[in-house]
Each structure stands twice: as structure tokens, then as C-alpha cells.
Amino acid sequence: MKKCNNCGTQVQDNDLYCPNCGSPDFSALPTMNGQPVDVNGQPIPMAPEYQPEPDNGIVDNGNVGMGIVGAALLSLAGVVLYFIIYQIGYVAGICGFVMFTLATLGYNKFAKPQTKNPMLGIIIAAVVTIVMLFVAEYISMAYALYDGFRELGYTQVGFFDVLKNMPDFLSDSEVMSGLVEDLIFAYVFAVANIAISIFSARKKAK
Ligand SMILES: [Zn+2]
């Protein structure tokens with residue numbers, strides 16, 4: 001520890017200039033019980049810049065609008081991942097977990113909240129995750145149907161034709177139950193991650 005010879009405040013060892021008065025003139029501080037003291041053995045206050053901010057309980061959500069954009073943008077990577085895993089033939093629902101992590105990361109990157117993972121950010125990321133998982137499942141299933149048509153020799157059927165007619169395909173109960181099953185699986189994984197985030201945010205708030 002060292003102190004400013006001009007104004008007497010305590011400064012960090014790697015400071016070149018006093019944050020209080022700008023002086024570059026320092027001297028080492030004697031310490032007592034690890035606390036810097038002056039010649040009379042009295043504790044020396046830290047420069048105001050280094051005093052810990054009082055915890056006033058104010059939660060900063062950052063720029064919420066940008067946070068929504070960020071959550072949507074990064075979760076698109078989750079949609080791509082879901083699509084790939086679905087087409088390979090594995091259970092894409094596990095992406096539900098990843099999707100929420102991506103949405104949260106997107107919120108924090110774009111909204112830049114001062115509070116780590118604020119509750120509003122978690123809620124927004126959760127809503128974006130639920131919507132994007134539906135989009136991912138819908139597109140993945142449409143592509144799988146399109147692929148099926150091609151294998152059956154219907155080469156004139158385009159992917160966007162299938163996508164456009166998905167509501168019709170979904171009126172078939174077997175197709176619909178396939179979609180619902182996949183979504184339940186994905187949402188279970190998403191909810192697990194959301195619950196972990198809420199739990200740790202609550203714990204931190206205490
Ligand atoms: Zn000073």
C-alpha cells in the first residue's frame with residue numbers, strides 16, 4: 001500500500017497518479033494489522049474511487065431492447081444446432097439446455113446489465129428460448145418431411161413448399177404428436193437450465 005504525498009489519500013500500488021488529486025508523488029504506507037495507518041497509527045481512508053459501492057439493492061437490467069435482440073441472435077446458433085442434430089437422427093431436445101445458455105449470453109452481451117444475470121434477463125431469455133425451440137422443431141421437422149418426399153421420388157417438392165404446408169401436415173395426428181413429443185423433451189431440458197439460473201440468481205441476491 002502507498003499514499004499520496006499531496007492529499008494524503010491511500011492509493012493502489014500500481015497507480016501512477018493519485019485518483020484524488022492527480023499527484024504522482026507517493027510514499028509507502030506503514031500497516032498495522034494489515035490496515036494502512038498514518039504516523040499516529042490512525043487508519044487512512046481509501047480514495048473514494050476505491051471504496052466499495054454500497055449495496056443499495058438496485059438491480060440493473062441494462063438495455064432491455066438490445067437484450068431481446070441479443071438473446072434472439074445468439075439463440076439462432078441454437079436453432080442451427082437443433083436442426084443439425086435432428087437431421088442426424090439424434091434427440092435434438094437436448095439443445096433446449098444449450099438454447100437457454102445462448103439466449104442468456106446474448107442478453108448479457110447486448111443489454112450489458114450491471115447486475116449479473118438479472119431476473120428480467122432470465123425471463124426474456126426463457127421466453128426467447130421457448131419460441132426459438134418451437135421454431136427449431138418446426139423447421140427441422142419440415143426439412144425431415146421434405147427429405148422423406150425426395151426419398152420417395154417426389155423430387156419436384158421443394159423445402160419451402162413443405163414449410164408452407166406444415167399446418168396441413170400437422171393436422172395429421174401422428175405428425176403432430178411427433179412434434180409435441182420433441183417439444184416436451186426440449187422444454188424439459190430448457191426448464192432445467194432456467195431453474196438453475198433462477199436458483200443461482202436468487203442465491204446471489206441474498
Ligand atoms: Zn492525492
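In each ligand, atom 1 is the first atom listed, and ligand 1 is the first ligand listed.
- Here the two rings, on F149 and F169, have centers that are under 6.0 Å apart.
- Using a 3.5 Å distance cut-off with no hydrogens or angles, the side chains of Y143 and Q87 do not pair a donor with an acceptor.
- Note: Y82 and Y86 have parallel aromatic rings, judged against thresholds of 30 and 60 degrees for the angle between ring planes.
- With sequence neighbours left out, D25 forms a side chain to side chain donor-acceptor pair (under 3.5 Å) with N5.
- Applying the side chain to side chain donor-acceptor pair (under 3.5 Å) rule to N117 yields the partners N108; only residues at least two apart in sequence or on another chain are considered.
- Protein N/O/S atoms closer than 2.8 Å to the Zn ion (ligand 1), listed by chain and residue number, are C4 SG, C7 SG, C18 SG, C21 SG.
- Qualifying side chain to side chain donor-acceptor pair (under 3.5 Å) partners for Y146, counting only residues two or more places apart in sequence or in other chains: R150.
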